Protein chains: 2
Amino acid sequence: MELSDYATHSVKVSGRAIMATLNNETRERRETGTLGKLMVLLDMVAYADGPLRFTDIAAASGQPRGTLHRQLVHLVEEGLLELDADGRYSTGLRLLELASRSWARNELRLVAERYLRELQDLTGETVHLGVIRGASVIYLDKVEGRQPVRMYSQIGNASPIYCTGVGKAALSLLPDDRIDALLTEVTFQRFTPATHTHETLLAEIGEIRRNGVAFDREEHEVGIRCVAAPISSENLSFVGGISVTGPAYRLTMERLEEWAEPIRQTANRISTGIRIGLGPRP
Amino acid sequence: MELSDYATHSVKVSGRAIMATLNNETRERRETGTLGKLMVLLDMVAYADGPLRFTDIAAASGQPRGTLHRQLVHLVEEGLLELDADGRYSTGLRLLELASRSWARNELRLVAERYLRELQDLTGETVHLGVIRGASVIYLDKVEGRQPVRMYSQIGNASPIYCTGVGKAALSLLPDDRIDALLTEVTFQRFTPATHTHETLLAEIGEIRRNGVAFDREEHEVGIRCVAAPISSENLSFVGGISVTGPAYRLTMERLEEWAEPIRQTANRISTGIRIGLGPRP
DNA sequence: AAATAAGGTTCCAAATAATGGAACAATCGG
DNA sequence: CCGATTGTTCCATTATTTGGAACCTTATTT
């Protein structure tokens with residue numbers, strides 16, 4: 001009942017749209033056959049507001065019941081979905097298990113680890129590492145201060161590219177045509193009075209390119225500011241960034257300016273580390 | 001080169017074996033068609049020691065090159081795998097993204113959250129929440145002390161059932177025939193001098209049933225002890241547990257005994273919370 | 001520099017798996 | 001107890017996957 005509108009829309013938008021891989025000149029060819037169909041279901045369940053019943057999924061996916069049934073059985077057998085006693089589907093622990101492996105071995109994360117910590121020590125604020133995927137930033141790691149933390153919370157999270165420090169910093173590395181291509185897919189949602197529009201974002205990109213750092217001036221959330229600097233592989237096969245984030249009352253713009261230089265330096269070190277293939281032991 | 005032996009074996013063992021769902025009397029029917037084949041590949045990459053090249057995967061999977069090629073393309077298109085500039089495959093960020101959603105919404109975790117924190121406050125030590133999947137314990141959450149933490153590290157991690165407090169506690173809830181069924185799949189690896197064998201484990205299960213708590217007396221790692229208590233849904237459709245873990249020098253057996261009662265109580269509250277469907281707002 | 005090998009990719013007829021309509025259970029509400 | 005709703009199974013049809021072979025492309029050898 002209250003689950004009846006997990007929005008076919010937002011599923012597609014937040015879930016699948018992210019799929020758009022960055023270096024994909026020839027878009028529109030996600031012919032992944034059987035797997036593609038299953039992933040749509042997985043997305044739907046993952047991005048729903050709560051567990052979904054068979055009927056809900058049937059309605060939203062438009063698949064005939066017989067087909068859907070077998071698909072769900074397969075997903076459950078593989079542990080990608082779970083079916084509880086009340087007949088409701090939610091995502092399976094298998095995902096967590098696979099992601100945990102994936103995360104633990106991620107090369108960028110391993111290289112960046114110690115630098116993030118250094119930045120945290122220097123600033124005392126929360127440090128993030130993120131990567132661009134499609135028109136979103138996905139956070140790969142986070143080092144918080146002394147607080148008792150909800151660490152995982154941000155990791156793996158996907159945020160819009162246009163109102164995060166990491167997103168803007170990363171964008172600034174891309175050639176204009178790629179930026180344009182990316183931004184056509186984006187709908188600019190106004191999170192705060194300071195959130196960018198397409199035009200103001202493009203204007204700021206120029207500035208970011210000159211400075212080598214991007215600021216988030218409460219553009220995503222009121223009361224939250226950050227400084228970020230870009231990271232990339234040599235051929236831009238991936239781009240991302242690191243940022244220092246905190247409450248506006250503590251992070252005045254003056255203070256953020258002070259941190260610009262160390263952030264830029266750290267980002268450069270990470271980029272270099274990636275390029276020369278520094279393993280987990282730099 | 002150095003990747004040539006990512007062990008077809010350990011892939012199957014650590015990866016797929018975990019799939020064995022608990023309440024599956026009629027095993028041996030993992031007919032998941034296309035999806036199953038792709039998951040084997042995903043597992044292989046996820047459980048390898050590093051990125052794999054096409055040829056490595058081809059050799060290990062035994063698939064003809066043409067077939068394998070298309071399968072990998074599909075996995076990459078869906079973001080489940082990533083192909084770097086050197087032609088090496090590793091797991092994709094899509095997994096992290098999905099798992100992050102999954103984790104954030106997990107009902108058990110949401111119910112348990114505040115209780116874990118309470119236990120952390122009481123003991124000052126690290127508290128874990130885990131669930132049984134096949135013959136492994138998968139950690140769902142972790143609350144650490146004041147240290148600057150590597151939070152994610154343990155979450156999603158799969159550990160053997162027979163040498164973890166949570167695993168043993170959870171086992172103790174199951175009827176003997178199900179325990180037997182589970183343990184036939186298990187090879188008892190000797191991690192420390194105190195690690196259980198099949199026989200000693202069964203012996204301890206009786207004791208755990210009487211006490212309602214399980215101890216890990218340096219059975220998985222020398223110098224690490226823990227107390228754990230079991231959690232379950234009404235019909236045992238899932239079983240798991242919570243534990244308090246720490247260094248042996250601080251966690252004497254006397255101290256662990258003192259915590260037995262609070263842990264038992266907390267575990268009971270969580271079980272009740274689950275059963276009456278307490279949402280995230282208890 | 002040419003020849004050879006190894007690593008990847010594309011093609012296509014044959015084999016296999018997915019599809020979806022319909023018939024069949026099970027559960028629910030009155 | 002009936003009718004409605006929800007979930008499951010069956011099976012001929014349709015679509016996808018398969019795998020061998022031919023084909024590129026890059027390293028390696030002579």
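What you see is a predicted model; the values in this text were computed from it and never measured.
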What nucleotide among [options] has an atom nearest to a side-chain atom of [X]?
X: R65(B); options: dG20(C), dA18(C), dT9(C); answer: dT9(C)
X: T55(A); options: dT17(D), dT6(D), dG7(C); answer: dT6(D)
X: H74(B); options: dA18(C), dT8(D), dT17(D); answer: dT17(D)
X: K37(B); options: dT9(D), dT17(D), dG7(C); answer: dT17(D)
X: P64(B); options: dG19(D), dG7(D), dT18(D); answer: dG19(D)
X: F54(A); options: dA22(D), dG7(D), dA18(C); answer: dG7(D)

Spacing of [X] atom [atom1] relative to [N] atom [atom2], expressed in whole Å:
X: R88(A); N: dG7(D); atom1: CZ; atom2: C1'; value: 17 Å
X: L72(B); N: dG7(C); atom1: CG; atom2: C1'; value: 14 Å
X: R70(B); N: dT16(C); atom1: CZ; atom2: C1'; value: 12 Å
X: Y89(B); N: dT9(C); atom1: OH; atom2: P; value: 6 Å
X: Q71(A); N: dT9(D); atom1: CD; atom2: C1'; value: 16 Å
X: D86(A); N: dT6(D); atom1: CG; atom2: C1'; value: 15 Å
X: L38(A); N: dT17(D); atom1: CG; atom2: C1'; value: 14 Å
X: E77(A); N: dA17(C); atom1: CD; atom2: C1'; value: 15 Å

task = Compare every heavy atom of G240(A) with every heavy atom of A170(A), then report the nearest pair and how far apart it is.
result =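 The pair with the smallest heavy-atom distance is CB-O, 3.6 Å.
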
task = Can you see which heavy atom on P51(B) is nearest to which on R88(B), and at what distance?
result = CB-CB, 3.6 Å

OP1 or OP2 of [N] versus the side-chain N and O atoms of [X]: is any pair under 4.0 Å?
X: T34(A); N: dA15(D); value: no
X: Q63(B); N: dG19(D); value: yes
X: H69(B); N: dT9(C); value: yes

request  = Answer yes or no: side-chain N or O of T67(A) and base N or O of dG20(C) forming a donor-acceptor pair under 3.5 Å.
outcome  = yes

task = Step by step, work out the side-chain contact (heavy atoms from CB on, under 4.5 Å) result for H69(B) and V73(B).
result = CA-CA 6 Å; H69(B) 180 254; V73(B) 166; 3.9 Å; yes

Beyond-backbone contact of R105(B) with D49(A), side-chain heavy atoms, under 4.5 angstrom =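 In contact.
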
inquiry  = Any donor-acceptor pair under 3.5 Å linking the side-chain atoms of Y115(A) with those of Q265(A)?
reply    = no

